[in-house]
Undergrad: 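Okay, here's the structure, questions in a sec.
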Amino acid sequence: MRRLLYWKLQRSVMERQDVRKARRRLKKELILFMNEIIISDRFRLSVIFFNKGMVVPGFQVPLENLEMNAYDYESKDTAEVSSIPSMMRTVETSLGIHDTTPRYPKAVAQELYDATYVALERLRDVVKKYNIDCDWVESGGVEASIHTPEEDDEEVEEESNHKCRILTSQQVNQIMGRQIVSSGKGNGTDNKHGLYKWGEYDPSCAGVNPFALTVGLADAVEGWGVKIYEYAKVAKLEKCSHYSSQTGEPPDQQSTDTSCKGKYKLSTKEGHVIHCDHVVLCTGAESGLSKRLSKSFVPVYTWMAATEPLYDKCPLNKEATERVLSELNPREQSSRKETTSSSPYAAPMCGDDHFALNYWRNSNNKEGRLLFGSLCDSFSFPPLFISWRLRNALTEVYPHLSNVRFDHVWGGKLAVALNSMPIVGRDVDYDNDIESHVKSSTGKSVTEGGVWYNIGFAGHGIVPTALAGSVIANAILGIPDRLTLNEASKKDGMQHEQLWQLFHTYFPPPSWNGHPYSRVGSCAMFMLYNIFDWLGKKGLPVPRLPEIW
């Protein structure tokens, strides 16, 4: 017993003396586990470690949907489009509720989308500069559609600006490894053209280990002197009284502490106090610190599974992709080889356009596991039910994998706004003076202080969060970061110099998410759209539902 106590005491002293070293060692071990997909089998433990790992530019809302809902400043009118946002505006107008949010022009939608491609290149540069070992794979991405394209459907047009390529049903099946499977029942052709009607390949997409990327970025900023207190949970955010008295903040957001050394006071769960001039809320689906944010989104659960090792039987492989793309445009074969990952296991990130979309990739190693995600729920369900539904979704895509074992299943909730766009901007509940700036020692116009928010990426976050982080940093420093000051914005009289102002002005946090019926209402809507997807796949004539965004 004495030896045991002495050993524990000695170990405790050693850990206190070298906490940083122990932390680095733990991170490296976790990264190793993640690369080998050896994680705890506890159902809810691994959501922060895996995630999708898909590095895709753009937002959850497709560009064409944003443009359809945009205001045309040339004709002073908006195209009639059947979508949930447009229907909500109609209902609000009929009820006499006037939305003060200005309508964005198409040029703003295009500019924000272009900014995500710039952010993707910056993220690539950061990974290379700081030598972040995050299993980055330049493999491209394939999005397949279960809907038959219409003759005048703009979605089928190639996006030549970003070298996207339209794929036929057969090409989609070949890239995804969905060739004819002889099941011994009938002619075995159910898996050839039945599910996906067409698709699109985007060479700019990549794959990554998101946990390793997060750790690498944390190490990089710590190298610049940034301190990260990852276990300090903030319980309360208040504005200091000497600021609140000037701006008339509500009493519940004021701090009576006269010794505040900054504009805001944050109290942690452990009782520690932090004084600062800037607060950035990046809390995802946990946004209790801000009343404005807590009622601006609906929490949505999604789930993923890792199959047992498939080795050579993994349907996703590099050779099939190269073969199809070389047939599409042989001239680009040489340039494609320069940008494609040298990993022999690299294969495209895959997804489809089900309402509860499926998304999957391989593990990028010799084990050839398939990482498959799907489902869209308003509530958390029992693990066995989730596993059963994930297996049904996987079997629909790959019938020959119906008996494959799931080694790991995990999931978590996402913050999804009513328009599914990221919520980026400044919380005016804490400070209405969002234009106040002071001159720094370098002569730059630095924002005097404020509470900023950066949430609601709806599961499409690796690239948009890289963009949003840069946007908020430039906002705090007062650095103009607009790619262009487009003519549409000039005509509207809103000559914003910073990207955060575009998000803040045109895509502010919704004032109401349907509470207390938000989860029940979204659950009913999810069921309706899923049923229509199912009926459409059965070949039944169903009306087209309004676009969800």
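Owing to the predicted nature of the structure, the values given are computational and were not obtained by experimental measurement.
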Undergrad: Hey, is D202 close enough to R165 for a salt bridge, meaning N to O under 4.0 Å?
TA: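 No, no charged N to carboxylate O under 4.0 Å.
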Undergrad: Tell me if a side-chain donor or acceptor on S420 pairs with a main-chain N or O of A458 at a distance below 3.5 Å.
TA: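 No.
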Undergrad: Students often mix this up, so state it plainly: with edges at 30° and 60°, are the rings of Y113 and F59 parallel, tilted or perpendicular?
TA: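 Ring orientation, 0 to 90° scale: perpendicular.
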Undergrad: Just by distance, no angles: are the side chains of E222 and W224 close enough, under 3.5 Å, to form a donor-acceptor pair?
TA: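 Checked: E222/W224 side chains show no N/O donor-acceptor pair below 3.5 Å.
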Undergrad: Taking the basic N atoms (NZ, or NE/NH1/NH2) and the acidic carboxylate oxygens, is any pair closer than 4.0 Å for R389 and D377?
TA: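 Salt bridge between R389 and D377, a charged N being under 4.0 Å from a carboxylate O: yes.
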Undergrad: Relative to the ring of F503, is the ring of F507 parallel (under 30°), tilted (30 to 60°) or perpendicular (over 60°)?
TA: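 Ring orientation of F507 relative to F503: tilted.
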Undergrad: I'd like to know if the side chain of W534 pairs up with that of Y529 as donor and acceptor (distance under 3.5 Å, no hydrogens or angles considered).
TA: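 Per modelled atom types, W534 and Y529 side chains form no pair under 3.5 Å.
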Undergrad: Can you name the closest pair of heavy atoms from A232 and T268 and give their distance?
TA: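 That would be CB-CG2, 4.4 Å.
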Undergrad: So does T395 get a backbone contact from the side chain of H400, meaning a donor-acceptor N/O pair under 3.5 Å?
TA: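 Not a single qualifying donor-acceptor pair exists.
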Undergrad: Examine distances only and state if a side-chain atom of R391 and a backbone atom of S402 form a donor-acceptor pair shorter than 3.5 Å.
TA: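 Side chain of R391 to backbone of S402, a donor-acceptor pair under 3.5 Å: yes, one is there.
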Undergrad: I'd like to know if the side chain of S470 and the backbone of L467 have a donor-acceptor N/O pair within less than 3.5 Å.
TA: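 No, S470 side chain to L467 backbone: no donor-acceptor pair under 3.5 Å.
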Undergrad: So among P383, S374, S380, which one has a side-chain contact (heavy atoms from CB on, under 4.5 Å) with W303?
TA: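 When P383, S374, S380 are each tested with W303, the side-chain contact (heavy atoms from CB on, under 4.5 Å) holds only for S380.
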Undergrad: Do you know the tightest heavy-atom contact between L390 and F372?
TA: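 Looks like O-CE2, 4.2 Å.
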Undergrad: Before you tell me yes or no, could you show the steps for V404 and E308 under side-chain contact (heavy atoms from CB on, under 4.5 Å), namely the whole-Å CA-CA distance, both residues' side-chain angles and the distance that decides it to 0.1 Å?
TA: CA-CA 7 Å; V404 169; E308 61 182 297; 3.8 Å; yes
Undergrad: Provide the closest heavy-atom pair for V463 versus P57 in the form atom of the first, atom of the second, distance.
TA: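 Heavy-atom minimum between the residues: CG1-CA, 4.1 Å.
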Undergrad: Which atom pair, heavy atoms only, marks the closest approach of I132 to A212?
TA: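 Taking I132 first and A212 second, the nearest heavy atoms are CG2-O, 4.0 Å.
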Undergrad: For N403, is the CG atom crowded, meaning more than 12 foreign heavy atoms sit under 6.0 Å from it?
TA: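 Atom CG in N403 is not packed in, count stays at 12 or less.
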Undergrad: Do E270 and K233 sit within salt-bridge range, that is, some charged N less than 4.0 Å from a carboxylate O?
TA: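 So E270 does not pair with K233 through a salt bridge.
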Undergrad: Could you check, using the six-membered ring where one of them is a Trp, whether Y301 and F379 have ring centers closer than 6.0 angstrom?
TA: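 Centroid distance Y301-F379: not below 6.0 Å, so no.
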Undergrad: Look only at the side chain of T465 and the backbone of I462, and say whether a donor-acceptor pair between them is shorter than 3.5 Å.
TA: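 Yes, because the side chain of T465 sits within donor-acceptor range (under 3.5 Å) of the backbone of I462.
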Undergrad: Would you find a donor on one side and an acceptor on the other, under 3.5 Å apart, between the side chain of D352 and the backbone of I146?
TA: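 No, because the side chain of D352 does not come within donor-acceptor range (under 3.5 Å) of the backbone of I146.
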Undergrad: Is a side-chain N or O of T302 found less than 3.5 angstrom from the main chain of C376, in a donor-acceptor match?
TA: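 Judged by distance alone, no pair lies under 3.5 Å.
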Undergrad: Does the side chain of Y453 pick up a donor-acceptor pair with the side chain of S296 at under 3.5 Å?
TA: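 No - no donor-acceptor pair under 3.5 Å links their side chains.
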Undergrad: Can a donor-acceptor pair be found between the side chains of E396 and N392 at a distance below 3.5 Å?
TA: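 Result is no, nothing qualifies.
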Undergrad: Stepwise, does the side-chain contact (heavy atoms from CB on, under 4.5 Å) test hold for R369 with C314?
TA: CA-CA 7 Å; R369 296 177 187 259; C314 181; over 6 Å; no
Undergrad: Tell me yes or no: between the side chains of Y130 and D219, is some donor less than 3.5 Å from an acceptor?
TA: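 Per modelled atom types, Y130 and D219 side chains form no pair under 3.5 Å.
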Undergrad: Any side-chain to backbone donor/acceptor pair from D533 onto F355? Under 3.5 Å, distance only.
TA: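 Yes; at least one donor-acceptor contact below 3.5 Å.
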Undergrad: Distance from I531 atom CD1 to F526 atom CZ, nearest 0.5 Å?
TA: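 Between atom CD1 of I531 and atom CZ of F526 there are 13.5 Å.
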Undergrad: Is it the case that the side chain of Y398 and the backbone of M176 share a donor-acceptor pair, with hydrogens and angles ignored and the cut-off at 3.5 Å?
TA: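 Yes: the side chain of Y398 pairs with the backbone of M176.
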Undergrad: So which atom in P509 and which in I423 form the shortest heavy-atom distance, rounded to 0.1 Å?
TA: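 Closest heavy-atom pair between P509 and I423: CG-CG2, 3.5 Å.
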Undergrad: Minimum heavy-atom separation for G207 and V55, please, with both atom names.
TA: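 In terms of heavy atoms, the two residues are closest at C-CG2, 4.2 Å.
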Undergrad: Can any side-chain N or O of R178 pair as donor or acceptor with the backbone N or O of V397 at less than 3.5 Å?
TA: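 Side chain of R178 to backbone of V397, a donor-acceptor pair under 3.5 Å: yes, one is there.
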Undergrad: Among side-chain atoms of H147 and K537, is any donor-acceptor pair under 3.5 angstrom?
TA: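 Distance-only check fails for H147 and K537.
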Undergrad: Please identify which of these residues, K128, K318, R124, meets the salt bridge (Lys or Arg N to Asp or Glu O under 4.0 Å) condition with E138.
TA: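 Filter result, single survivor: R124.
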